[in-house]
Amino acid sequence: MQAPSPSTFVTMRMGILGRWSVAVVLSMGPLLGCSPSPPSMNAIAESYVKLVLAMGAHDADYVDAYYGPPEWRSAVEEEGLSIDGIRERALALVEQLDAFSDLSGEMERLRHHYLQRQLEPLIARAEMLLGTRLSFDQESAALYDAVAPELGEAHFQNVLTRLDRALPGSGAVQTRYERFRARFVIPPARLDTVFRAAIAECRARTERWLTLPTGEAFTVEYVTDKSWSGYNWYQGNFTSLIQVNTDLPIYADRAIDLACHEGYPGHHTYNALLEKHLVRDRGWMEYSVYALFSPQSLIAEGSANHGIRMAFPGEERVAFERDALFPLAGLDPSRAGAYYEVQGLVEELSYAGNEAARQYLDGEIAADSAAQWLETYALMAPARARQRIRFIDQYRSYVINYNLGRDLVAQHVTSHAGASRERAWREFGRLLSSPRLPSGLTSADPVNR
């Protein structure tokens, strides 16, 4: 059977919702704690959290973080809800949210919208696990509330042509780029020193503009055999565990990238601010759990990537790396400018990963061909391209959250702040501390601004 279009998918879901609504509400069981009176938003939030935890029993990657009451997890584990049961209860919660009419204030309306938009991808993920097949774009729309633009080979070839003129030497662009980059590998023995210096600077720059919760901190571990290059595991109580994968060479630019993206003002900052402002200050327990395959991930990844530019705008990054990190890494500081000139062009190839994933997951090309696409148009070394295919196998359309998420967050911040750095940080901090989701970044509806 052909996969439904995004609009058909929603219509099918609403049809099921209408058919099941009475029976499901009457059989919600211990997760919803039904009563004759309509549930409060807090009750729906608790039910949402428990459904996300229940999905985690069937989907090992689904729950990225949880720091809510331990007894909620115990109750979920004891019940052992099936995937179909999770789907039915989520549909009932959506119906209950649709019945809300008296929402006072912008934050309450944003909260209502957040719960609706987070429940819909939970339903979609359950249906995927039950056998529903979606195209790459349909899946990203259903899970992440966004669809990445489709760029053809001509776009990437144009960038490669400009790189051909910028890179020294002769021969294939891919070979010359790898040869050029080899001069900028951080020696393993110096990695921790460089990374910690990058973290310290990222934190100092973030603290100039954002008030971080008292006691926030994270630890760093170096790991191997992962499909990703870095990961933030939020632990609650304003703490994180950041893991850096050392399987492949780590280049000069990755120290700042990882320190910002995983730490300040990226994932660690985002999660700590949500815990402070929404979970602790408002008691909104839906934020004590992070469902990875959900619209929240586009905000999380997009803000983490845009956060690099927030912390190091313009030439400030090159200057800091040249004067501080290159010497710590034992690299030639005089070559920092040339390195970032080339990296600026390579950044224009970032959507090539989306195209490889789209063609691969839609069955148009095999894994080997997808890896070859990444080598050709994303300039990935063979080992890194294979690692990326592992990532796509595991996380599928999640790849759009990095580049499309970054661009949507950047557009949102700029549209509200213009050229003012102070206003940009104020809007960025507002985004990190409130229940905003992808469709809200471009919507004209004041509730979603």
Side-chain angles (χ1 to χ4, degrees), residues 41-43 45-57 60-77 107 110-111 114-115 118 192 195-196 198-223 226 228 230-244 258-292 294 296-297 299-301 303-304 307 311 428-436:
M41 195 83 78
N42 284 344
E46 178 179 339
S47 300
Y48 162 76
V49 171
K50 290 177 176 177
L51 288 179
V52 172
L53 294 175
M55 181 67 82
D61 293 317
Y62 196 78
V63 180
D64 193 73
Y66 177 63
Y67 53 89
E71 58 268 24
W72 288 8
R73 187 188 291 275
S74 299
V76 167
E77 292 173 350
M107 287 297 284
L110 283 170
R111 183 189 192 190
Y114 174 87
L115 282 167
Q118 289 288 108
D192 187 61
F195 190 41
R196 291 188 184 280
I199 291 170
E201 183 68 11
C202 292
R203 189 179 194 279
R205 287 169 175 255
T206 299
E207 280 192 306
R208 292 176 196 168
W209 305 99
L210 301 179
T211 301
L212 301 174
T214 302
E216 62 76 24
F218 59 75
T219 57
V220 177
E221 287 183 355
Y222 298 96
V223 298
K226 304 295 181 183
W228 35 259
Y231 212 109
N232 178 296
W233 304 97
Y234 192 66
Q235 311 291 299
N237 293 318
F238 310 136
T239 63
S240 296
L241 167 65
I242 293 179
Q243 293 183 323
V244 177
L258 289 170
C260 281
H261 183 98
E262 307 297 347
Y264 307 103
H267 292 322
H268 172 71
T269 302
Y270 174 61
N271 286 308
L273 291 177
L274 290 180
E275 180 178 0
K276 170 65 173 67
H277 294 292
L278 301 186
V279 178
R280 297 200 181 196
D281 291 355
R282 292 179 177 269
W284 292 1
M285 294 307 295
E286 61 268 36
Y287 274 92
S288 68
V289 72
Y290 177 13
L292 189 68
S294 73
Q296 187 182 359
S297 283
I299 300 296
E301 301 294 358
S303 61
F428 187 67
R430 185 167 176 256
L431 177 63
L432 297 183
S433 306
S434 60
R436 282 168 172 78

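What's counted below: heavy atoms across the whole structure, side chains too, no hydrogens, waters or symmetry copies.
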For D192 and Y222, does a side-chain donor sit closer than 3.5 Å to a side-chain acceptor?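 Result is yes, a qualifying pair exists.
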Indicate the ring-plane relationship of Y264 and H268, choosing parallel, tilted or perpendicular according to the 30° and 60° boundaries.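 Aromatic pair Y264/H268 classed perpendicular.
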Ring geometry between H267 and H261 (parallel below 30°, tilted from 30 to 60°, perpendicular above 60°):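 Rings of H261 and H267: perpendicular, over 60°.
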Within-4.5 Å side-chain heavy-atom neighbours: [X] and [Y]:
| X | Y | value |
| --- | --- | --- |
| T206 | F428 | no |
| Y114 | Y287 | yes |
| W72 | M285 | yes |
| V52 | Y48 | yes |
| V220 | R196 | yes |
| M41 | E286 | no |
| W228 | V223 | yes |
| L278 | S433 | no |

To check you understand the geometry: which heavy-atom pair defines the closest contact between [X] and [Y], and what is its length?
| X | Y | answer |
| --- | --- | --- |
| D281 | H277 | CB-O, 3.4 Å |
| V244 | F195 | CG2-CE2, 3.6 Å |
| L432 | L274 | O-CD2, 3.3 Å |

Just by distance, do the side chain of [X] and the backbone of [Y] share a donor-acceptor pair under 3.5 Å?
| X | Y | result |
| --- | --- | --- |
| Q243 | Y231 | no |
| Q118 | S294 | no |
| R436 | L431 | no |
| E275 | F238 | yes |
| Y66 | P69 | yes |
| S74 | P70 | yes |
| T239 | E216 | no |

Under the side-chain hydrogen bond (donor to acceptor under 3.5 Å, both in side chains) rule, collect the residues that match up with N42, sequence neighbours excluded.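 If we apply the side-chain hydrogen bond (donor to acceptor under 3.5 Å, both in side chains) test to N42, skipping adjacent residues, the hits are R111.
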If the condition is ring-ring contact (aromatic ring centres under 6.0 Å, His included), which residues does W284 pass it with, not counting sequence neighbours?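 W284: no ring-ring contact (aromatic ring centres under 6.0 Å, His included) contacts found.
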